[in-house]
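Here's the structure, in C-alpha cells; my notes come after.
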Amino acid sequence: MNKASAGARGMGPFRRTRPMNLFADIRALTLDALADLARDGTIPEGLETGNVTVEPPRDPAHGDMATNAAMVLAKPAGLKPRDIAEALAAHLSADPRIAEAEVAGPGFINIRLAPRVWQDVVGKVLVAGTGFGRSGMGQGQRVNVEYVSANPTGPLHVGHTRGAVFGDALAALLEYSGHDVTREYYINDGGGQIDTLARSVYLRYLEAHGQEVAFPEGVYPGDYLVPVGEALKAEYGDAWVDRPEEEWLPAIRAFATEAMMDLVRTDLARLGVKMDVFSSEKALYGTGRIEAAIEELRGKDLIYRGTLEPPKGKLPEDWEAREQTLFRSTAYGDDVDRPIQKSDGSWTYFAPDIAYHHDKVGRGFDALINVFGADHGGYVKRMKAAVAALTDGTVPLDIKLIQIVRLLRDGQELKMSKRAGTFVTLSDVIDMVGPDVTRFVMLTRKNDAPLDFDVSKVLEQSKDNPVFYVQYAHARVMSVLRKAAEAGIDASDESLRTADLGKLDHEAEQALAAKVAEWPRLVEIAARTHEPHRVAFYLYELASGLHALWNRGHEDTTLRFLQDDPDTSRAKIALARAVSIVIAAGLGILGVEPANEMR
RNA sequence: GGGCCCUUAGCUCAGUUGGAUAGAGCAGCCGACUUCUAAUCGGCAGGUCGAGGGUUCGAAUCCUUCAGGGCCCGCCA
C-alpha cells in the first residue's frame with residue numbers, strides 16, 4: 001500500500017542514520033560519565049537518568065551547553081548537587097570535545113566545547129547537504145496527517161489556506177525526522193450541504209439555458225458555480241430543464257462534487273500541496289463499513305440506546321427528550337455520550353467519521369494527526385474517544401486546531417462575508433503575494449494563536465518582514481559564492497569540504513556555527529511537539545546570525561567571508577555555505593523556495 | 001450552565017519533556033555606509049509572565065481557584 005514503509009522498517013535506512021544532533025552526543029557523553037561515577041562508587045548504581053537534559057543555556061555567558069544532571073540526581077542519590085557536579089565535571093573535562101566544564105549556580109554544569117567541534121559541524125553540513133538535520137527519531141513510524149478536508153462546496157478560502165500550509169509543513173517535518181507520512185484529505189461529500197450545492201448548480205444550469213433565475217436564501221450564490229452550470233449544459237443539454245428534483249439531484253450532486261474537488265485540487269496545487277490520498281465520506285455509505293465500525297464498538301459495549309440530558313444553559317426552543325443510539329465516549333474522557341444516529345434513524349456525521357478513522361487505523365498507521373479549524377474544538381474529545389475505543393488506546397490521535405486568519409491590507413481588515421460574496425480565496429491570496437510568502441507567513445504563528453496576515457506588509461523588503469529577512473540571508477550567501485567564483489576561488493561544495501576549517505577561529509564565527517548546530521535538535525523538538533512554526537522562528541534566528549556576522553565584517557575585515565588568502569576564504573565561505581544549506585533545508589520543510597538573489 | 005483554547009515589554013509575538021538574571025521584532029532614543037547588497041547591523045530604554053494559592057532544590061511552563069477574551073455545546077458537517 002505504501003511503498004516507503006517496507007524500507008523504512010527493520011534494517012532500513014534509519015539503521016544507518018548517523019546522529020548529527022550535537023546535544024544528543026554530549027548528553028550521551030554525560031550519561032557515560034555518570035555510568036563511570038556509578039562504577040567507581042561516587043554515586044549509587046541504577047539511578048534514573050531520563051530527566052537529565054543537555055541544552056543550550058539562555059545566557060551565552062553560561063557556555064555552549066548546560067546539563068542539570070547533578071540537580072536531578074542529587075535527591076535519589078542522597079548527595080549534594082554540587083558534589084555530584086564536581087565529579088561529573090571532572091569526568092567530562094577529560095573528553096577532547098569539551099574545552100571546559102564548570103559547576104555553576106545550584107549545580108548546573110556549564111560546558112564550553114572545543115572550537116574543533118564547531119568547525120566539524122560546518123564540515124558535516126557540507127557533506128550532508130540539506131539532509132543535515134534529518135533524524136531517525138521517527139523510526140519509520142507510519143503517520144497519517146489529515147488536513148484541509150474542506151467541504152467540496154466552493155473554492156478554498158484563507159482559513160483553509162492556513163490549515164493546508166500547517167498540515168503540509170507538519171507532514172514534511174515528520175518525514176524529515178524519520179516518519180513515514182501519508183498526506184490525506186477527507187472529502188465531506190455525504191451531508192446535506194452537497195444537496196444545497198447541487199441545487200445551486202442546477203440554478204446555474206438553468207441560467208446557462210437562458211432562464212432568468214432568482215437565488216433564494218440558503219443556496220450558494222458564488223460566481224464560481226457559473227462554469228459548472230455551463231459544463232452541465234454542455235454534457236447533458238436540456239435534459240433536466242424544468243424537471244423535478246428527484247430526477248436530477250443524484251447526478252448533479254456527483255457532477256458538482258467532482259467539479260468542486262477539481263477546484264480544490266487546483267487551489268492546493270497552486271499552493272504546492274500534494275495529497276497522497278483523498279478519502280470520500282460518501283463512499284462509506286452503503287458499503288457496510290459504517291455499520292462494521294459501529295458493530296466493533298458495540299462489541300466493546302460502547303453503543304447503546306439512551307436519552308441525553310438536555311444541554312445546560314440556553315435551551316433550544318424545540319428541545320424534547322428523544323431516545324437515540326449513543327456512543328459511550330465518556331468511557332474515554334468525553335463529557336457526554338454522543339449520538340451516532342438522528343431521530344429518523346440516519347447516521348449523524350459522527351458515524352461516518354468513526355468509520356473513516358476505523359479505516360485509517362485499519363490501514364496500519366502507528367499514529368494519526370488531524371488538522372481542524374478552531375471551530376471544531378468541541379469535536380476533539382469525541383474523536384479521540386472514538387479512536388481510543390477502536391484501537392484500545394494503541395494508536396494516538398493528535399488533533400491540531402488552527403486559529404483564524406485576519407486578513408489585512410495596509411493595516412485595514414478585509415471583512416469577509418460568505419453571503420455578500422466578499423470572502424477572499426486561497427487563489428486570491430496567491431495572486432496577491434505568491435505561494436512562498438503565503439506559506440512562510442502562515443507559519444509565523446503557533447497554530448493555536450490567531451494570525452494577522454497583512455498582504456501589503458508581507459511584500460515589504462525589510463526586516464519586519466520575516467520572509468524577506470530569511471530569504472535575504474540566503475541570497476547574501478549566494479552572492480558571496482558568486483563573488484568568490486569571480487575572484488577565481490573554487491567555492492563548490494566539493495571544494496569547500498576540503499577547506500581548512502581550523503581557520504574558523506573567531507568567537508563570532510563559532511557562534512554562528514553553534515546556531516547551525518542547533519538545527520538537528522530543533523527539528524526533533526518541532527517534530528515531537530507537532531509544531532512546524534518552530535522551524536520558521538529558528539530560520540529567522542539563523543538568518544539574524546548571518547546578518548550579524550556579515551556586518552561585523554564592516555569593522556573587522558578579517559571577519560569578511562572573502563579574504564585575500566584563498567584558503568582562509570574557503571574556510572569562511574564554508575561557514576556561510578553551511579548556513580545557506582540549513583536555511584534551504586528549513587525552507588524546504590516549510591515548502592518555500594530559497595531565493596538566490598533579491599534584486 | 002458546561003467543555004476546549006488564549007492572557008508574557010507601549011504594539012505583535014517566541015519561550016526547549018520545569019532550569020540560572022524571561023527573549024525577538026515593531027514603535028522610541030543613540031550610533032555604523034571609500035564595504036562580499038546599509039533591503040543590514042550595534043547599543044540604550046522598556047516586565048508584579050492576567051490575579052491568588054499549591055507542588056519542589058527550582059515555575060511563564062505542572063495542579064487549583066478566580067478574572068478577562070475567543071470557539072463550541074442533540075437530529076449542520
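In what follows, every heavy atom counts, from backbone to side chain, and hydrogens, waters and symmetry copies are set aside. Within every chain, numbering begins at 1; the chains are lettered A, B, ... in the order of the sequence lines, protein sequences first and strands thereafter.
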Integer angstrom distance from the P of B:rG25 to that of B:rC66:
39 Å

Check: B:rC36 base within 3.5 Å donor-acceptor of A:R482 side chain
no

Quick check for you: among B:rC13, B:rC75, B:rU16, whose closest atom lies nearest to any side-chain atom of A:R521?
B:rU16

Pick base, sugar-phosphate or nothing for A:R552, based on heavy-atom distances below 4.0 Å to the nucleic acid.
nothing

Taking NZ, NE, NH1 and NH2 as the nitrogens, is one of them in A:E518 or A:K515 under 4.0 Å from a carboxylate oxygen of the other?
yes

Taking a pair to mean Watson-Crick or G-U wobble geometry with both distances below 3.5 Å, B:rC41 pairs with B:rG31

Within the structure, does a side-chain N or O atom of A:K381 lie under 4.0 Å from either OP1 or OP2 of B:rC72?
no

Mind checking if A:T53 touches a base, just sugar-phosphate, or nothing, with heavy atoms under 4.0 Å?
base

Looking only at B:rU12, B:rG19, B:rA77, the nucleotide nearest the A:V72 side chain is B:rG19

Base, sugar-phosphate or nothing for A:F468? Non-hydrogen atoms, less than 4.0 Å.
base

Does a salt bridge link A:R552 with A:E507, judged by any charged N lying under 4.0 Å from a carboxylate O?
yes

Picking from B:rC57, B:rU40, B:rU37, the nucleotide nearest the side-chain atoms of A:Y469 would be B:rU40

Candidates B:rG15, B:rU12, B:rA20 - which lies nearest the side chain of A:A104
B:rA20

Winner on side-chain proximity to A:P106, out of B:rC36, B:rA77, B:rG19, is B:rG19

Sugar-phosphate only, base, or nothing, as touched by A:N188 at under 4.0 Å among non-hydrogen atoms:
sugar-phosphate

Give a yes/no on whether any side-chain N or O of A:S479 is located under 4.0 angstrom from OP1 or OP2 of B:rC36.
no

With hydrogens left out and only the distance checked, is there a donor-acceptor pair under 3.5 Å joining A:N551's side chain and the base of B:rA38?
no

Mind checking if A:L562 touches a base, just sugar-phosphate, or nothing, with heavy atoms under 4.0 Å?
base

In the structure I gave you, are the side-chain heavy atoms of A:L451 and A:T444 within less than 4.5 Å of one another anywhere?
yes

Mind listing the residues from residues 331-350 of chain A sitting with a heavy atom below 4.0 Å of RNA chain B? Number order is fine.
A:D335, A:P339, A:K342, A:S343, A:Y349

RNA chain B: A:R560 or A:Q324, which has the more 5' nearest nucleotide?
A:R560

Measuring only the C1' atom in each nucleotide, how far is B:rA24 from B:rA45? A whole number of Å is fine.
16 Å

Mind checking A:N110 for me? I need base, sugar-phosphate or nothing, with any heavy atom below 4.0 Å counting as a touch.
base

Has A:W550 got a side-chain N or O lying under 4.0 Å from the OP1 or OP2 atom of B:rA38?
yes

Identify whether any heavy atom of A:G50 sits under 4.0 Å from a base atom; if not, whether one sits that close to sugar-phosphate; answer base, sugar-phosphate or nothing.
base

Find out whether A:R382 and A:D353 are in side-chain contact, i.e. whether some heavy atom of one side chain is under 4.5 Å from a heavy atom of the other.
no

Taking for A:D448 and for A:G378 the nucleotide of RNA chain B with the nearest heavy atom, the one nearer the 5' end belongs to A:D448

Have a look at A:A449 and say if it touches a base, only the backbone sugar-phosphate, or nothing, with a 4.0 Å heavy-atom cut-off.
sugar-phosphate

Once you apply a heavy-atom cut-off of 4.0 Å, does A:V54 come out as touching a base, just sugar-phosphate, or nothing?
nothing

Sugar-phosphate only, base, or nothing, as touched by A:F537 at under 4.0 Å among non-hydrogen atoms:
sugar-phosphate

Check every strand shown and say whether A:G377 touches a base, only sugar-phosphate, or nothing at a heavy-atom separation below 4.0 Å.
nothing

Do NZ/NE/NH1/NH2 and the carboxylate oxygens of A:K360 and A:E184 come within less than 4.0 Å?
no

According to the 5.5 Å centroid and 30° plane-angle thresholds, does A:F108 stack upon the nucleobase of B:rG19?
no

Using OP1 and OP2 only, check whether a side-chain N or O of A:K75 sits under 4.0 Å from B:rU56.
no

Scan A:H554 against the nucleic acid and name what it touches under 4.0 Å (heavy atoms): base, sugar-phosphate only, or nothing.
base

Is a salt bridge present between A:D335 and A:K381, judged by a nitrogen-to-oxygen distance below 4.0 Å?
yes

Remember a base hit wins even if backbone is also touched, and classify A:P81 as base, sugar-phosphate or nothing at under 4.0 Å, heavy atoms.
nothing

What about A:Y540 and A:Y469, are their ring centers closer than 6.0 Å?
yes

Give A:H533 one of three labels, base, sugar-phosphate or nothing, depending on what nucleic acid heavy atoms sit under 4.0 Å from its own.
sugar-phosphate

Report yes or no: is the cationic atom of A:R338 (NZ for Lys, CZ for Arg) closer than 6.0 Å to the six-membered ring centre of A:F350, at no more than 45° off its axis?
no

